[in-house]
There are 2 protein chains.
Amino acid sequence: MTPVARPFSHAIDRLRAVWLRPTRQRLALAKLLFDGCDRHISAEQLHGAALAANIRVSLATVYNTLHQFTEAGLLREIVVDAGRSYFDTNVSLHHHYFYEKSGQLVDLSGDMIHMEGIPLHSPDGRRVSRVDVIVRVDG
Amino acid sequence: MTPVARPFSHAIDRLRAVWLRPTRQRLALAKLLFDGCDRHISAEQLHGAALAANIRVSLATVYNTLHQFTEAGLLREIVVDAGRSYFDTNVSLHHHYFYEKSGQLVDLSGDMIHMEGIPLHSPDGRRVSRVDVIVRVDG
DNA sequence: CGCTAGTCTGTAATCGTTCTTATTTAAGAG
DNA sequence: CTCTTAAATAAGAACGATTACAGACTAGCG
């Protein structure tokens with residue numbers, strides 16, 4: 001209930017906060033993405049969802065928007081496969097199960113796994129931007 | 001020094017051990033891959049290396065061979081980017097730094113990071129096939 | 001309203017990878 | 001050594017996800 005926990009209930013406020021012009025397309029996509037549920041969605045899936053909701057938006061714009069949101073910290077990109085990446089609306093610290101067969105991605109709470117010894121810098125002193133843990137499941 | 005630590009010094013023995021016919025192409029690629037150094041190599045890079053070494057082999061065969069070796073446990077596939085995957089000749093337990101800018105992959109010794117709480121099964125009881133940890137570095 | 005930088009569209013291009021089909025080859029039998 | 005056959009390879013077409021491009025559109029401002 002603190003302002004930090006749920007800072008921007010409205011899509012337009014989220015966009016303003018990260019200095020992205022609230023255009024029709026970005027607003028519509030933001031509303032689809034940030035509806036309160038955590039999502040793991042691909043660009044194609046979001047494009048499909050937009051069309052299904054009668055929002056005319058090109059696939060190129062979906063890609064642009066997803067990358068802009070990711071850069072702004074509203075989304076986190078998760079690469080599971082050569083040639084498949086998902087965008088996660090939950091940007092808090094957590095990890096993932098990945099079901100190789102179905103391609104499904106499932107959250108693994110961040111405090112379930114304790115990691116020690118993870119470096120904050122690379123061997124040559126550069127900053128670690130993030131640590132991805134993917135638990136791969138056969139079935 | 002135990003037989004297990006360095007079981008197959010010769011490429012041909014490695015192939016026999018995993019029931020892959022030692023064809024000219026597979027032998028040549030195995031020699032390039034398992035020369036004693038740990039490598040993180042992409043299919044294109046290996047193809048280039050083969051051509052440079054005057055080994056005529058098609059890209060399709062390089063892909064087939066890499067996947068067969070991976071399935072046989074001689075290699076480990078590491079996906080870092082949508083549309084880029086590397087094959088690691090070091091199949092022992094360890095993790096990786098990934099330099100986003102250069103695309104370089106660097107080993108992170110397995111016992112540097114201690115992880116606790118990593119599940120052996122998925123929430124619905126399926127076996128975890130492996131856990132990938134990628135420490136992403138900006139520069 | 002009119003201007004301008006930023007954004008969007010539709011399509012073509014690109015990239016890494018996989019598929020397909022004809023050809024070649026390893027390896028065992030005779 | 002030759003024959004036979006299943007397995008492996010070559011070459012390029014096909015593929016799917018993503019990116020690039022050039023022109024049209026629009027938000028925000030005066």
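To find a chain, count down the sequence lines: A is the first, B the second, and so on, and within it residues start at 1. Because only heavy atoms are used, hydrogens play no part in the values below, and waters and symmetry mates are left out as well, while side chains stay in. Everything numeric here is computed off the predicted structure, so don't read it as measured data.
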With ring centroids as reference points, do B:H114 and A:H114 lie under 6.0 angstrom apart?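 Distance test on ring centres: not under 6.0 Å, no.
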Among the clusters formed by ILVMFWY side chains lying less than 4.5 Å apart, do B:L51 and B:V62 turn up in the same one?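 No, B:L51 and B:V62 fall in different hydrophobic clusters.
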Review item, side-chain donor-acceptor pairs of residues 99-106 of chain B, under 3.5 Å, at least two apart:
unit_1, atom_1, unit_2, atom_2, d
B:Y99, OH, A:D124, OD1, 3.2
B:S102, OG, B:Q104, N, 3.3

Protein and nucleotides 14-17 of chain D: nitrogen or oxygen contacts under 3.5 angstrom:
none

For the side chain of A:S42 and the backbone of A:Y86, is there at least one donor-acceptor N/O pair under 3.5 Å apart?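 No, A:S42 side chain to A:Y86 backbone: no donor-acceptor pair under 3.5 Å.
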Is B:D81 reaching over with its side chain to a backbone N or O of B:G83, donor-acceptor style, under 3.5 angstrom?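 Side chain of B:D81 to backbone of B:G83: no pair is present.
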B:N64 CG to D:dA7 C1': how many Å, rounded?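 Value for this atom pair: 12 Å.
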Provide, to the nearest angstrom, the distance between the CG atom belonging to A:L59 and the C1' atom belonging to D:dT18.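 Whole-Å distance recorded here is 8 Å.
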So that I can tick it off, tell me whether B:D138 and A:R127 are bridged by a salt bridge, with the cut-off set at under 4.0 angstrom between side-chain N and carboxylate O.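 Counted as a salt bridge, because a side-chain N and a carboxylate O are separated by less than 4.0 Å.
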So that I can tick it off, tell me whether A:D107 and A:R39 are bridged by a salt bridge, with the cut-off set at under 4.0 angstrom between side-chain N and carboxylate O.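 Judged by the 4.0 Å cut-off on N to carboxylate O distance, A:R39 and A:D107 do not form a salt bridge.
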Suppose we screen for ring pair (Phe, Tyr, Trp, His ring centres under 6.0 Å). Which residues come up paired with B:H47, at least two apart in sequence or across chains?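 B:H47 satisfies ring pair (Phe, Tyr, Trp, His ring centres under 6.0 Å) with no residue once adjacent residues are dropped.
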With sequence neighbours excluded, what pairs up with A:R21 under the side-chain hydrogen bond (donor to acceptor under 3.5 Å, both in side chains) test?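 Expected list: none.
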With a 4.0 Å limit, can you tell me whether B:T61 has a side-chain N or O closer than that to the phosphate oxygens OP1/OP2 of D:dT9?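 No, because none of the side-chain N or O atoms of B:T61 sits under 4.0 Å from OP1 or OP2 of D:dT9.
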Using a heavy-atom distance cut-off of less than 4.0 Å, which residues of residues 18-32 of chain B contact DNA chain C?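 Output list: B:R21, B:P22, B:R24.
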Which value, rounded to the nearest 0.5 Å, describes the distance between A:F87 atom CZ and A:E77 atom CD?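 Going from CZ on A:F87 over to CD on A:E77, the span is 4.0 Å.
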Residue mapping more 5' on DNA chain C - nearest nucleotide basis, A:Q68 or B:F87: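 In this pair, the answer is A:Q68.
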Taking it one step at a time, do A:L46 and A:L29 satisfy side-chain contact (heavy atoms from CB on, under 4.5 Å)? CA-CA 8 Å; A:L46 181 57; A:L29 294 177; 4.0 Å; yes
Is B:H47 touching bases, backbone alone, or none of the nucleic acid, heavy atoms closer than 4.0 Å?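 It contacts nothing in the nucleic acid.
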Chain B contact limits on DNA chain C, taken 5' to 3' with a cut-off of 4.0 angstrom to heavy atoms: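 Listing 5' to 3', DNA chain C meets chain B from C:dG16 to C:dA27.
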